[in-house]
Protein chains: 2
Amino acid sequence: MFKALSNKTRLNILQWLKEPEKHFPKQGAHLPKEVSYKGGVCVGDIQEKAEASQSTVSHYLNMMQKAGLLESVRYGQWTYYRRNEEAIHQFTEFLKTEI
Amino acid sequence: MFKALSNKTRLNILQWLKEPEKHFPKQGAHLPKEVSYKGGVCVGDIQEKAEASQSTVSHYLNMMQKAGLLESVRYGQWTYYRRNEEAIHQFTEFLKTEI
DNA sequence: ATTATATATCGGCTTTATTCGATATGTCAA
DNA sequence: TTGACATATCGAATAAAGCCGATATATAAT
């Protein structure tokens, strides 16, 4: 997780996903709001905001998921990424006591 | 700080320095106990525990200091490194609210 | 002064991360 | 079933991190 967070873009993504409505206002074109915000934000929207190439962002999201920071759901042709709050909480708990 | 912590050895060092008496029991040969533990642990002792070369450990300690995790004091020919508790606390506070 | 010890810095090699464009895969719509 | 779109994966080039031995510097002891 430290490795995953030791990159500005990836840290930004994690923070953006804390408030998806705020940082991805035009999100939700493909799906009803309730569903899409709950399910996370799709790769394309994150890519646009991150201003990196599609492959880079896809790679980042994948590694953040492997690190446990994110989880993903697929709705049709879109993959929605959202925070893995439980794992993040465990991480911050670890930090509180062990760091 | 994420970068500095995204390495097992450096994370270990930070944790060891939380309880120097426990992890560096034979430390304090050169100086009275009160002084040396307060002042931190010398590079040689950290190096021995970390099982990396002298230059690597010196480099690690220097980068951890630059990141704000550690601070150092020089007593004669020894450099003592200890945790920068204030900066670490600020960091964990940031994590609590922003991550 | 010379020598020994502790730490820092330098140079260089190896490994890993970053990042992209191109291509593959998977899904939807016509 | 073909074409369009979203995402994932591949391959490769460049940058950064990891790491060490050798050397420099600073201090202490003789």
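Remember, predicted model here, so these are calculated numbers, not experimental data. Note on naming: letters A, B, ... go to the chains in the order of the sequence lines (proteins, then strands), and numbering restarts at 1 for each one.
The nucleotide whose nearest atom lies closest to any side-chain atom of B:V43 is, among C:dA8, C:dA17, D:dG18, C:dA8. In this structure, of D:dT7, C:dT18, C:dC20, it is C:dC20 that holds the atom nearest to the side chain of A:A52.
Listed by chain and residue number, A:L11, A:N12, B:F94, B:E98 satisfy the side chain to side chain contact (heavy atoms under 4.5 Å, CB included) test with A:Q15 (two or more places apart in sequence, or in another chain). By the salt bridge (Lys or Arg N to Asp or Glu O under 4.0 Å) test, A:K66 is found to be paired with no residue, residues two or more places apart in sequence or in another chain being considered. The side chain to side chain contact (heavy atoms under 4.5 Å, CB included) check on A:E51 picks up nothing, with sequence neighbours excluded. Judged as a salt bridge (Lys or Arg N to Asp or Glu O under 4.0 Å), and not counting sequence neighbours, A:R10 has no contacts. B:H89 meets the side chain to side chain contact (heavy atoms under 4.5 Å, CB included) test with B:T92, B:E93; sequence neighbours excluded. The side-chain hydrogen bond (donor to acceptor under 3.5 Å, both in side chains) test applied to B:S55 returns B:S53, not counting sequence neighbours. The side chain to side chain contact (heavy atoms under 4.5 Å, CB included) check on A:T79 picks up A:V43, A:S72, A:R74, A:Y81, with sequence neighbours excluded.
Rounded to an integer number of Å, the gap from CD1 of B:I13 to P of D:dG18 is 12 Å. Put simply, CD on A:Q47 is 10 Å from P on C:dG21, counting in whole angstrom units. Between the CD atom of B:Q65 and the P atom of C:dT7 there is a distance of 14 Å, given to the nearest Å. Rounded to an integer number of Å, the gap from A:Y80 OH to D:dA8 P is 12 Å. Per the geometry, CE belonging to A:M64 stands 15 Å off C1' belonging to C:dT18, to the nearest Å. The distance between atom CD of B:E48 and atom P of C:dT7, rounded to the nearest whole Å, is 12 Å. Taking atom CG of residue B:L61 and atom P of nucleotide C:dT7, one finds them 10 Å apart after rounding to whole Å. With rounding to whole Å, A:M63 atom CE is found 15 Å from D:dT9 atom C1'.
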Which atom pairs link the protein and nucleotides 27-30 of chain C when you take only N or O atoms and keep those under 3.5 Å?
none

Collect all protein-nucleotide pairs involving nucleotides 9-13 of chain C in which both atoms are nitrogen or oxygen and the distance is under 3.5 Å.
none

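A continuous path of hydrophobic side-chain contacts links A:L69 to A:W16 [ILVMFWY only; heavy atoms under 4.5 Å].
Both B:G44 and A:E51 sit near DNA chain C, but only B:G44 has its closest nucleotide nearer the 5' end.
Between B:N7 and D:dA17 there is no side-chain N or O to OP1 or OP2 distance below 4.0 Å. Side-chain nitrogen and oxygen atoms of B:Y81 include none within less than 4.0 Å of the OP1 or OP2 phosphate oxygen of C:dA6.
Using a 30° and 60° split on the angle between ring planes, A:F2 and B:F2 fall in the tilted class, from 30° to 60°.
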